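In listed order, ligands and their atoms are each counted from 1. This structure is a prediction, so every number in the text was calculated from the model and none was measured.
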Amino acid sequence: MHLVMIGGSDAGISAALRARDLDPAADVTVVLEDAYPNFSICGIPYYVSGEVTHWRNLAHRTRGDLEAAGMRLRLDTTAQRIDVAGRKLLVSSAGGGEELLGYDKLIVGTGAVPVRPPITGLAGPEALGPDDGVHLLHSMGDTFAVMATLEQAAPASAVIVGGGYVGLEMADALTVRGLAVTQMEQLPEVLPTVDPELGALVHAELAGRGVQVLTGTTVQGISKASPGGAGRLEVQATVADGTAVTRAADMVLVVVGVRPDTALAAEAGATLGVRGAIVVDPGMRTGLPDVFAAGDCVITHHRLLGVTWLPLGTTAHKQGRVAGENAAGGNRQFAGSLGTQVVKIFDQAAARTGLRDHEAKAAGFDPVTIGSQADDHKAYYPGSHRITIRVTGDRGTGRLLGLQLFGHKDAEIAKRIDIAAAAIYAGLAVEAVSDLDLSYTPPLGSPWDAVQMGAQAWTRAIQRH
Ligand SMILES: Cc1cc2nc3c(=O)[nH]c(=O)nc-3n(C[C@H](O)[C@H](O)[C@H](O)COP(=O)(O)OP(=O)(O)OC[C@H]3O[C@@H](n4cnc5c(N)ncnc54)[C@H](O)[C@@H]3O)c2cc1C
């Protein structure tokens with residue numbers, strides 16, 4: 001049995017590892033267009049900041065580990081065309097040579113590519129790029145280009161276009177490196193994946209660390225600055241009220257999201273769905289014979305929303321594992337995402353799982369969202385931190401639908417959001433969260449965990465109405 005994976009990141013490698021786990025005799029080939037198999041692109045901001053000291057340390061596993069696990073790696077090799085009927089994959093090497101690889105089962109894990117927004121200066125023959133200090137950020141190649149700008153041009157200032165989680169992590173990283181950072185976000189608040197009440201707390205953390213945050217600000221153009229200007233680039237933007245804003249900077253990072261990379265699968269006849277992602281069933285089957293797909297390039301089955309698109313590393317690992325298992329002859333289903341995510345911004349962290357109020361309403365629930373605060377551990381023990389909590393539950397059934405948290409990075413925000421992720425997965429009511437037998441010792445927690453206090457605040461508010 002010859003299994004071929006296209007893509008050597010979270011989805012492709014997870015699929016390859018799982019297939020080899022289940023069938024140690026399987027012949028597994030991973031085709032990837034760069035030379036960085038199984039690199040944690042989620043760790044890029046921490047390499048840029050200097051906290052991760054060498055790019056090689058970003059590898060989840062080394063090339064040697066992967067080969068020892070029994071997969072053949074075809075680096076610097078691009079999949080060009082899938083011949084579904086003939087079960088063959090046309091690949092080309094960096095040198096331009098072409099080859100047909102036969103397969104029994106194929107897994108497409110081509111991931112996502114960064115969105116290039118309609119900003120003057122980013123497209124066309126005169127487009128500015130890494131040599132000018134203008135960067136997109138997704139791959140290891142992009143990372144090396146950013147590092148070359150930082151090390152060779154020694155920029156003193158940067159504009160980051162985009163206030164989503166990658167933009168925020170990069171604002172943190174570039175500030176740590178000593179750059180003066182301006183963050184421009186077209187929506188009214190940064191981190192629009194959480195409620196504005198929490199986004200405002202993230203905003204305050206950025207501002208407190210010297211990041212100039214311009215919200216409601218749409219970037220229109222990037223150009224080279226005139227000689228003698230404050231930076232080598234100029235960013236032109238418009239504020240919501242129509243006022244023009246111009247900022248000089250030595251480097252510009254455009255991080256406004258990603259889109260699924262689906263051209264290869266679509267050309268082979270795969271159906272595209274939400275946000276142009278490849279349609280798969282929960283077993284990661286594309287509907288094309290013997291072709292599976294997983295990761296950022298596919299739609300996401302969501303436990304509360306049905307089908308959506310939520311590109312996340314955690315999801316790509318799980319979907320890849322399911323695809324690998326099924327390609328090896330198994331019958332596993334992806335259990336569904338809750339969009340659980342967490343981001344660190346300097347010393348704070350923001351996290352969410354499940355649905356926010358407006359998302360729950362759109363999905364047909366009758367949501368109520370209640371905000372509260374609690375300490376991460378008993379306040380009498382030194383070093384406690386306040387956690388801001390927003391619980392969303394369904395008024396009629398009492399079911400827990402979502403949780404958002406903001407607090408100090410030492411306040412176990414990530415693991416606390418995971419309590420709620422587990423509770424929503426299990427279909428628990430908000431009130432039942434209080435019944436969970438969670439751990440307690442004063443330096444680390446409270447008899448009622450912060451998440452339980454948030455749940456009790458929600459129940460109290462509901463009973464009052
Ligand atoms: C800076 C940054 C930080 C992030 N932080 C987090 C985080 O904290 N938590 C989280 O859950 N997620 C995070 N993510 C998202 C996460 O990295 C992605 O969801 C995840 O990498 C998706 O994995 P994937 O395998 O589907 O695709 P990708 O990682 O996009 O990989 C696609 C692979 O396919 C290859 N490829 C594409 N086309 C071809 C072709 N034609 N032929 C051969 N090879 C091809 C590429 O070279 C690559 O190896 C972050 C992303 C970035 C960029």
Side-chain angles (χ1 to χ4, degrees), residues 4-16 29-49 58 60 73-82 89-94 101 106-115 135-143 146 160 162 164-170 172-173 193 253 255-268 277-278 280 284 293-298 300 309-321 323-324 337 339-345 349-353 414:
V4 175
M5 283 73 187
I6 308 170
S9 188
D10 296 345
I13 297 292
S14 298
T29 303
V30 180
V31 172
L32 64 152
E33 65 188 353
D34 65 16
Y36 310 103
N38 210 197
F39 270 69
S40 171
I41 57 176
C42 305
I44 292 171
Y46 314 105
Y47 168 56
V48 173
S49 70
L58 292 180
H60 289 297
L73 295 169
R74 297 285 303 256
L75 308 184
D76 297 313
T77 302
T78 304
Q80 300 288 1
R81 199 170 56 246
I82 305 167
L89 181 68
L90 178 71
V91 299
S92 63
S93 64
L101 295 181
L106 182 73
I107 298 176
V108 180
T110 44
V113 286
V115 168
H135 297 269
L136 304 183
L137 185 68
H138 192 72
S139 63
M140 289 306 292
D142 298 335
T143 308
V146 165
I160 298 179
Y165 77 91
V166 175
L168 299 176
E169 289 173 345
M170 289 306 295
D172 178 335
T193 43
L253 196 61
V255 275
V256 298
V258 293
R259 62 176 174 77
D261 184 353
T262 58
L264 186 69
E267 250 170 58
I278 303 165
V280 286
M284 299 292 130
D296 283 4
C297 61
V298 305
T300 316
W309 185 60
L310 260 169
L312 282 170
T314 44
T315 308
H317 274 91
K318 293 185 187 81
Q319 293 172 330
R321 187 176 162 89
S337 164
T340 310
Q341 52 198 281
V342 61
V343 56
K344 179 190 89 67
I345 312 102
R352 66 166 287 180
T353 186

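What sits closest to atom 49 (O) of ligand 1 on the protein, heavy atoms only, is Gly8 N, 3.1 Å. Of the protein's non-hydrogen atoms, the one nearest atom 29 (O) of ligand 1 is Ser9 OG, 2.6 Å. Counting only heavy atoms of the protein, atom 35 (C) of ligand 1 lies nearest to Gly7 CA, 3.6 Å. Protein heavy atom nearest atom 1 (C) of ligand 1, with residue, atom name and distance: Ile41 O, 3.6 Å. Protein heavy atom at the shortest distance from atom 53 (C) of ligand 1 is His138 ND1, 3.6 Å. Atom 20 (C) of ligand 1 has as its closest protein heavy atom Asp10 OD2, 3.3 Å. The closest protein non-hydrogen atom to atom 36 (N) of ligand 1 is Glu33 OE2, 3.7 Å.
Annotation: Glu169 places no N or O atom under 3.5 Å from an N or O atom of ligand 1; distance criterion only. Residue-to-ligand polar distances place Gly313 within reach of ligand 1: an N/O pair is separated by less than 3.5 Å. For ligand 1, the polar-atom distance check finds no N/O of Thr78 at less than 3.5 Å from any of the ligand's N/O atoms. Note: an N/O pair closer than 3.5 Å links Gly109 and ligand 1 by distance alone. Taking distance alone, with nitrogen or oxygen atoms compared against 3.5 Å, Ala79 approaches ligand 1 more closely than that limit. When only interatomic distances are considered, the shortest N/O to N/O separation between Ala112 and ligand 1 falls below 3.5 Å.
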*Kindly indicate, with the supporting measurements, whether the criterion side-chain contact (heavy atoms from CB on, under 4.5 Å) is fulfilled by Gln341 and Leu312.*
CA-CA 8 Å; Gln341 52 198 281; Leu312 282 170; 4.2 Å; yes
*asked:* Using side-chain contact (heavy atoms from CB on, under 4.5 Å), reason through Thr315 and Thr300 one step at a time and then give a plain yes or no.
replied: CA-CA 8 Å; Thr315 308; Thr300 316; 3.9 Å; yes
*Go through the steps to decide whether Val108 and Ile82 satisfy the test side-chain contact (heavy atoms from CB on, under 4.5 Å), and finish with yes or no.*
CA-CA 10 Å; Val108 180; Ile82 305 167; 4.2 Å; yes
_One pair to check against side-chain contact (heavy atoms from CB on, under 4.5 Å): Leu58 and Met140. What are the steps and the verdict?_
CA-CA 10 Å; Leu58 292 180; Met140 289 306 292; 4.1 Å; yes
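The closest side-chain heavy-atom distance from His138 to Ile41 is below 4.5 Å. Side chains of His60 and Ile13 form no contact here, defined as non-hydrogen atoms less than 4.5 Å apart. When side chains are defined from C-beta on, Thr340 does not count as touching Thr314, because their heavy atoms never get closer than 4.5 Å. By the 4.5 Å heavy-atom criterion applied to side chains, Thr143 and Tyr47 are counted as neighbours.
Less than 4.0 angstrom separates some heavy atom of Thr314 from each of these atoms of ligand 1: 11 (O). Interface of Asp296 with ligand 1, defined as ligand atoms under 4.0 Å from a residue heavy atom, comprises 18 (C), 19 (O), 20 (C), 22 (C), 26 (O). The Gly111 neighbourhood of ligand 1 comprises atoms 26 (O), 27 (O), 28 (P), 30 (O), 32 (C), with distances under 4.0 Å to a heavy atom of that residue. Numbered from 1 in the order shown, with element, the atoms of ligand 1 that lie under 4.0 Å from a heavy atom of Ala316 read 22 (C), 23 (O), 26 (O). Interface of Val31 with ligand 1, defined as ligand atoms under 4.0 Å from a residue heavy atom, comprises 43 (C), 44 (N). Listed by number with element, the atoms of ligand 1 under 4.0 angstrom from any heavy atom of Gly295 are 26 (O).
Just one of Leu75, Leu106, Val91 meets the side-chain contact (heavy atoms from CB on, under 4.5 Å) condition when paired with Val31; it is Val91. Among the candidates Arg81, Glu33, Gln80, the single residue satisfying the side-chain contact (heavy atoms from CB on, under 4.5 Å) test with Ser92 is Gln80. Considering Ile107, Val30, Leu89 as possible partners of Ile6, the one that fulfils the side-chain contact (heavy atoms from CB on, under 4.5 Å) test is Leu89.
Qualifying ring pair (Phe, Tyr, Trp, His ring centres under 6.0 Å) partners for Phe39, counting only residues two or more places apart in sequence or in other chains: Tyr36, Trp55.
Contacts between Val166 and ligand 1 below 4.0 angstrom, taking non-hydrogen atoms only, involve the side chain exclusively.
Looking at every heavy atom in both residues, Ala277 comes nearest to Thr262 through CA-CG2, 4.2 Å.
Considering only non-hydrogen atoms, atom 8 (O) of ligand 1 lies nearest to Cys42 out of Cys42, Ala11, Ala265. When Leu32, Thr110, Asn38 are checked for heavy-atom proximity to atom 37 (C) of ligand 1, Thr110 turns out nearest.
Under a 4.0 Å heavy-atom criterion, Tyr165 is in contact with ligand 1. Ligand 1 lies within reach of Thr77, whose nearest heavy atom is under 4.0 Å from it.
In this structure, Thr78 OG1 and Leu90 CG are separated by 10.5 Å, a value rounded to the nearest 0.5 Å.
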